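Note that the structure is predicted; figures quoted are calculated from it, not measured.
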There are 2 protein chains.
Amino acid sequence: MKIGELSKKSGCSIQTVRFYEKQHLFKACNRTEGNYRIYDASSLSTLRFIKQCRSLGLTIIEIKQLLDTKMNPDRSCTSVNNLIHQHMTDVTKRIEELNELKQTLTDMALACSDNRKVKECGVLQMLEK
Amino acid sequence: MKIGELSKKSGCSIQTVRFYEKQHLFKACNRTEGNYRIYDASSLSTLRFIKQCRSLGLTIIEIKQLLDTKMNPDRSCTSVNNLIHQHMTDVTKRIEELNELKQTLTDMALACSDNRKVKECGVLQMLEK
DNA sequence: GTAAACTCTATACCTAGTATAGAGTCAACA
DNA sequence: TGTTGACTCTATACTAGGTATAGAGTTTAC
Ligand SMILES: [Zn+2]
Ligand SMILES: [Zn+2]
Ligand SMILES: [Zn+2]
Ligand SMILES: [Zn+2]
């Protein structure tokens, strides 16, 4: 299968597939005589794995580590579990930050009403502080 | 005051101050004979305003709009209020996304325990799907 | 006079892609 | 056989909001 088909089946854009290859997330695949990339089913499943990881917010480096880990099926999976755990911590922290931010924005919105002039704007006054 | 002092008083790094100037967020200031930037108290308050906006997640372009708006004290502040309201919507949406993500990560963490091998890892198995 | 501290510009780098330009490849159709 | 259209190739620039240098010049203190 050529890159266009892989792109459609995986849901990653063609450029993204090439970008992943450049980042060594994807090993370089075979080429046709005309220099076209040729993929097989395993490329597709790797790409889907990568996509799933990205949707969780894992970085390319972290995904690389996961892919490396998968190469050694008999080792301990502790590093995988730790990685997910660490991410949960990060996401939780980010949610807390955003909740605080939301509260600030709410207070700010309440500090002004429509039909005011800029010099009386409650939002701008809060931003000055 | 020179850029180092402004940096310390505002909490923005020296590079960031120069970066803001380059982005026209900050108008170019006066220079000494030796070509050093010289700031006054109003520069500091503008910079603090910018920092406050950035901490709310406003983009540089949006901050530029706010600073422009502040130049016309007698106009309506509706655009300011709208901007904050739009941000609240965005932040709320982002929080929801992250909460879903957190749930997924939680399920994933529960799918595996320590002392398993990579080939039995519940996390990796979930990522395959 | 000189050393330390400060500042200057310009440039490269970061993440995770996206969007071109310009060239080459391949299949189908007339 | 020629040509059109769809596809692919590489290389490069761009995004946002900075951060981190290199190499040079300036100022201040001793
Ligand atoms: Zn992570
Ligand atoms: Zn207002
Ligand atoms: Zn916004
Ligand atoms: Zn596991």
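- Separating the CD1 atom of B/I60 from the P atom of D/dT15 is a distance of 12 Å, rounded to the nearest angstrom.
- The heavy-atom pair separating A/C112 from A/G122 by the smallest distance is SG-N, 3.5 Å.
- Between the P atom of D/dA6 and the CD1 atom of A/I14 lies a distance of 14 Å, rounded to the nearest Å.
- Scanning residues 89-101 of chain B for heavy-atom distances under 4.0 Å to DNA chain D yields an empty list.
- Nucleic acid contact for A/R18: base, since at least one base atom lies under 4.0 Å from a heavy atom of the residue.
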Distances for protein N/O vs nucleotides 25-29 of chain D N/O pairs under 3.5 angstrom?
residue	atom	partner	partner atom	Å
D/dG25	N2	B/Y36	OH	2.7
D/dT26	O4'	B/Y36	OH	3.4
D/dT26	O2	B/Y36	OH	3.2
D/dT27	OP1	B/G34	N	3.4

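- Cluster annotation: B/L44 is not connected to B/Y36 through the hydrophobic network of ILVMFWY side chains, with a link wherever side-chain heavy atoms come within less than 4.5 Å.
- Atom CD of B/E21 and atom P of D/dG18 are 15 Å apart (whole Å).
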Name each donor-acceptor pair under 3.5 Å that joins a side chain in residues 63-72 of chain A to protein atoms two or more places apart or in another chain, with its distance.
residue	atom	partner	partner atom	Å
A/K64	NZ	A/Q23	O	3.0
A/T69	OG1	A/Q65	O	2.7
A/K70	NZ	B/E128	OE2	2.5

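- For B/I61 and D/dT15, the CD1 to C1' distance is 11 Å, given to the nearest whole Å.
- Two residues are said to be in side-chain contact when any heavy atoms from C-beta on lie closer than 4.5 Å; B/S13 and B/V17 fail this criterion.
- Distance B/R54 CZ to D/dA16 P: 11 Å, rounded to the nearest Å.
- The side-chain hydrogen bond (donor to acceptor under 3.5 Å, both in side chains) check on A/R94 picks up A/E97, with sequence neighbours excluded.
- Counting only distance, with no hydrogens or angles, the side chain of A/R18 and the backbone of A/K22 share no donor-acceptor pair below 3.5 Å.
- The backbone N or O of B/C12 sits less than 3.5 Å from a side-chain atom of B/S7, completing a donor-acceptor pair.
- Heavy atoms only, all atoms of each residue included: A/F26 and A/S43 are closest at CZ-O, 3.5 Å.
- In this structure, B/K27 does not pair ionically with B/E21, as no charged nitrogen and carboxylate oxygen lie closer than 4.0 Å.
- When the C1' atom of D/dA20 is taken as reference, atom NZ of B/K22 falls 13 Å away, rounded to whole Å.
- In summary, the side chains of A/Q86 and A/N82 do not present any donor paired with an acceptor at a separation below 3.5 Å, with no hydrogens or angles considered.
- Take A/T32 and apply the side-chain hydrogen bond (donor to acceptor under 3.5 Å, both in side chains) test, not counting sequence neighbours, and it matches no residue.
- Think of the region where chain A sits on DNA chain C: with heavy atoms and a 4.0 Å cut, that region ends 5' and 3' at C/dA16 to C/dC26.
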